[in-house]
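The shown structure was predicted, so the numbers you read here are calculated from the model rather than taken from an experiment. Residue numbers start at 1 and run along the sequence shown.
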Amino acid sequence: MAHPYGSLSIAQLSALIQAGSVDPVAVAEQVFAAIESHDDKAIFISLTRERAMAEAEASSKRLKDGRSRGLLEGIPVAWKDLFDVAGSVTAAGSRLLLRDQAPAAVDAAVVSALAGAGMVAAGRVNMSEFAFSGLGINPHFGTPKNPRGTDVARIPGGSSSGSGVAVAAGLVPVSIGSDTGGSVRIPAALNGIVGYKATRGRYPMTGVFPLAGSLDSLGPLCRSVQDAVWVDAAMRGLTAPTASHRPLAGLELVIPTNVVFDEAEPGVVAAFEAAVARLSAAGVICTPLEIPPFAEILQLMASHGALVTAEAYWLHRARITGPDAELIDPRVVSRTSFGEKITLSHYLDILSARTRLIEGVDRLVGDRLIAFPTVAHVAPLLEPLKTDDQLFIATNGKTLRNTLLGNFLDWCGVSIPCGTGEAGMPVGFLLSGLARRDERLLPMALVAEPVIRGETI
């Protein structure tokens, strides 16, 4: 079945809605029909049909009355299952929370913000349990399959698995995810769409189920950078986006020479380097640079443990050590349990080192943006990862490696499709900015996107 509305970009669908060519109610009805007829039932955990139809009807009335709330009026949005959506349970991909949590009394702050912009909440999408994996495998609700895989089932990437697949499969134009170690950018890269991870703290976190407060950030998975810019503005409560196109010529990009290309698949490297060549031809100054703190971050994780693991253990210790642990994905229990071994002094050492490393990288990079492959490989096969624990651990580590550097250093980043690798699977080009440089990153990503994709400008 074709999905004409869900497969459009926000900008394309907005143009139709604002022109009166299509009504938000018809859009919502078609989106639900597409979701229900889709053969992958693991994408959505639950639908918020009653709310969506009421929102679509209100949107339709505003448009007819000449009171449009702006560019996002009537646009469907799916929410990762860790955002509070009033009247439904926030389960964070967990059977345990689905059993124990009461339905949310009010919307999360960002859910409320997008509703205020006129968007229509279609439902909750699947995720790695507690957001604690970069692969997107969920034994409780099933694992959404990567729609770009044409040979055999491949992983969606995580933890915002359902978000990436819902957009890539053409069911909705946008889904909002979270990113603690790569959970927006990884599924965006593996599914061939755009994923924007904002600087931590850019949006209010009220009503968002946490994983690690020192690292958690949010962002949209969508079809274009322009879509991300529009949603970003609305999530911050603005009535219109502020990012605008700037000249691409003269933009300075740092290409790290260490860590991020280690064991990278040849097809990924080739697609990335072709995009860099196109950017250079367009006047972008691309400078290879070793960033020693990258290696130090990985060494710190090996010697002291991961910051995310320490904070996840603190959050979930009662769950994973009590009788309810058997209801949790054993791999999540195992990974979280490592946090028990991280002492207070080691945790404080990590935080102290983090401050020093951020300052060091800031001095090294300056005003430049940073570019490297989002993930060093294309989406791997799903079935072997379901049963082979050692393969799961190794693959999860490799999948998260490049993106977690940005979380540790508090960067913002946009993953943009830049070609394909093995088996024709998508490759992501990660364009990053230092902390709170979102207003520099987004305009540059806007103008660089067609070049990165290999489109005519």
Side-chain angles (χ1 to χ4, degrees), residues 134 146 148-149 154 157 182 185-197 224-225 247-295 298 361 364-380 395 398-406 409 411-434 441 444-457:
N146 191 315
R148 294 294 298 271
R154 292 177 179 267
R185 293 158 295 158
I186 290 167
L190 298 189
N191 288 281
I193 58 174
V194 168
Y196 162 53
K197 168 223 175 303
S224 70
V225 176
L248 189 57
L251 168 67
E252 292 189 68
L253 272 188
V254 165
I255 315 289
T257 57
N258 60 317
V259 175
V260 294
F261 292 99
D262 292 353
E263 298 180 24
E265 291 179 352
V268 169
V269 176
F272 176 81
E273 289 182 343
V276 170
R278 292 191 294 270
L279 288 168
S280 297
V284 175
I285 302 162
C286 300
T287 308
L289 182 70
E290 183 180 357
I291 304 182
F294 281 4
L298 299 185
V361 172
L364 192 62
V365 172
D367 286 333
R368 296 174 290 187
L369 298 179
I370 310 100
F372 50 84
T374 313
V375 184
H377 53 81
V378 299
T395 306
K398 267 198 281 190
T399 301
L400 285 160
R401 184 198 63 203
N402 286 8
T403 52
L404 67 78
L405 298 168
L409 295 167
W411 291 355
C412 49
V414 181
S415 182
I416 299 170
C418 67
T420 56
E422 182 191 340
M425 294 301 292
V427 174
F429 184 107
L430 180 56
L431 193 62
S432 299
L434 302 181
L441 171 69
M444 290 307 181
L446 261 178
V447 70
E449 180 180 17
V451 184
I452 290 169
R453 288 180 179 266
E455 298 168 354
T456 306
I457 57 167

Fill in the blank from the handout: Separation between CG (Asp262) and CZ (Phe294), nearest 0.5 Å, reads 11.5 Å

Problem - Over all atoms of both residues, closest heavy-atom pair of Ala445 and Val414 - result: CB-CG2, 4.3 Å

Practice task
Can you measure from CG (Leu400) to CG (Leu405) and round to the nearest 0.5 angstrom?
Solution key: 10.5 Å

Can you give the donor-acceptor pairs under 3.5 Å from side chains of residues 417-431 to other protein atoms, not counting sequence neighbours?
none

Practice task
Could you tell me which non-hydrogen atom of Leu364 sits nearest to which non-hydrogen atom of Pro292, and how far apart they are?
Solution key: CD2-CD, 4.1 Å

Problem - Ala371 versus Pro256, closest heavy-atom pair with distance - result: O-CD, 3.2 Å

Completion exercise
For Leu446 and Pro450 the tightest heavy-atom approach is O-CD, 3.7 Å

Indicate every side-chain donor-acceptor pair of residues 266-283 with a distance under 3.5 Å to a residue at least two apart or in another chain.
unit_1 : atom_1 : unit_2 : atom_2 : d
Arg278 : NE     : Val451 : O      : 2.7
Arg278 : NH2    : Ile452 : O      : 2.6
Ser280 : OG     : Val276 : O      : 3.1

Problem - Side-chain donor or acceptor of Arg154 paired with backbone N/O of Gly149 under 3.5 Å - result: no

Exercise for the section: Could you tell me whether the side chain of Asn146 and the main chain of Leu190 form a donor-acceptor pair under 3.5 Å? Expected result: yes

Exercise for the section: If a pair satisfies side-chain hydrogen bond (donor to acceptor under 3.5 Å, both in side chains) and one of its residues is in residues 366-375, list it, with sequence neighbours excluded. Expected result: Thr374-Ser415

Completion exercise
For Leu248 and Ala448 the tightest heavy-atom approach is CD1-CB, 3.9 Å

Completion exercise
Sorted by chain and residue number, the side-chain hydrogen bond (donor to acceptor under 3.5 Å, both in side chains) partners of Thr399 (sequence neighbours excluded) come out as His377

Completion exercise
What one should report as the nearest heavy-atom pair of Leu441 and Gly433 is CD1-N, 4.2 Å

Problem - Audit row: Trp411, Leu434, side-chain contact (heavy atoms from CB on, under 4.5 Å) steps and yes/no - result: CA-CA 5 Å; Trp411 291 355; Leu434 302 181; 3.3 Å; yes

Problem - Glu265: partners by side-chain hydrogen bond (donor to acceptor under 3.5 Å, both in side chains), with sequence neighbours left out - result: none

Handout entry: Backbone N/O of Val375 and side chain of Asn402: donor-acceptor pair under 3.5 Å
Key = no

Practice task
Measure the CD1-OG1 distance between Ile255 and Thr287 for me, rounded to the nearest 0.5 Å.
Solution key: 8.0 Å

Practice task
Quick one: do Ile370 and Val361 satisfy side-chain contact (heavy atoms from CB on, under 4.5 Å)? Show the steps, please.
Solution key: CA-CA 11 Å; Ile370 310 100; Val361 172; over 6 Å; no

Problem - Distance (rounded to the nearest 0.5 Å) between Ile186 CD1 and Leu404 CG - result: 8.0 Å

Fill in the blank from the handout: Applying side-chain hydrogen bond (donor to acceptor under 3.5 Å, both in side chains) to Arg453 and not counting sequence neighbours gives Glu449

Exercise for the section: Return yes if some donor-acceptor pair links the side-chain N/O of Lys197 with the main-chain N/O of Ser432 below 3.5 Å, else return no. Expected result: no

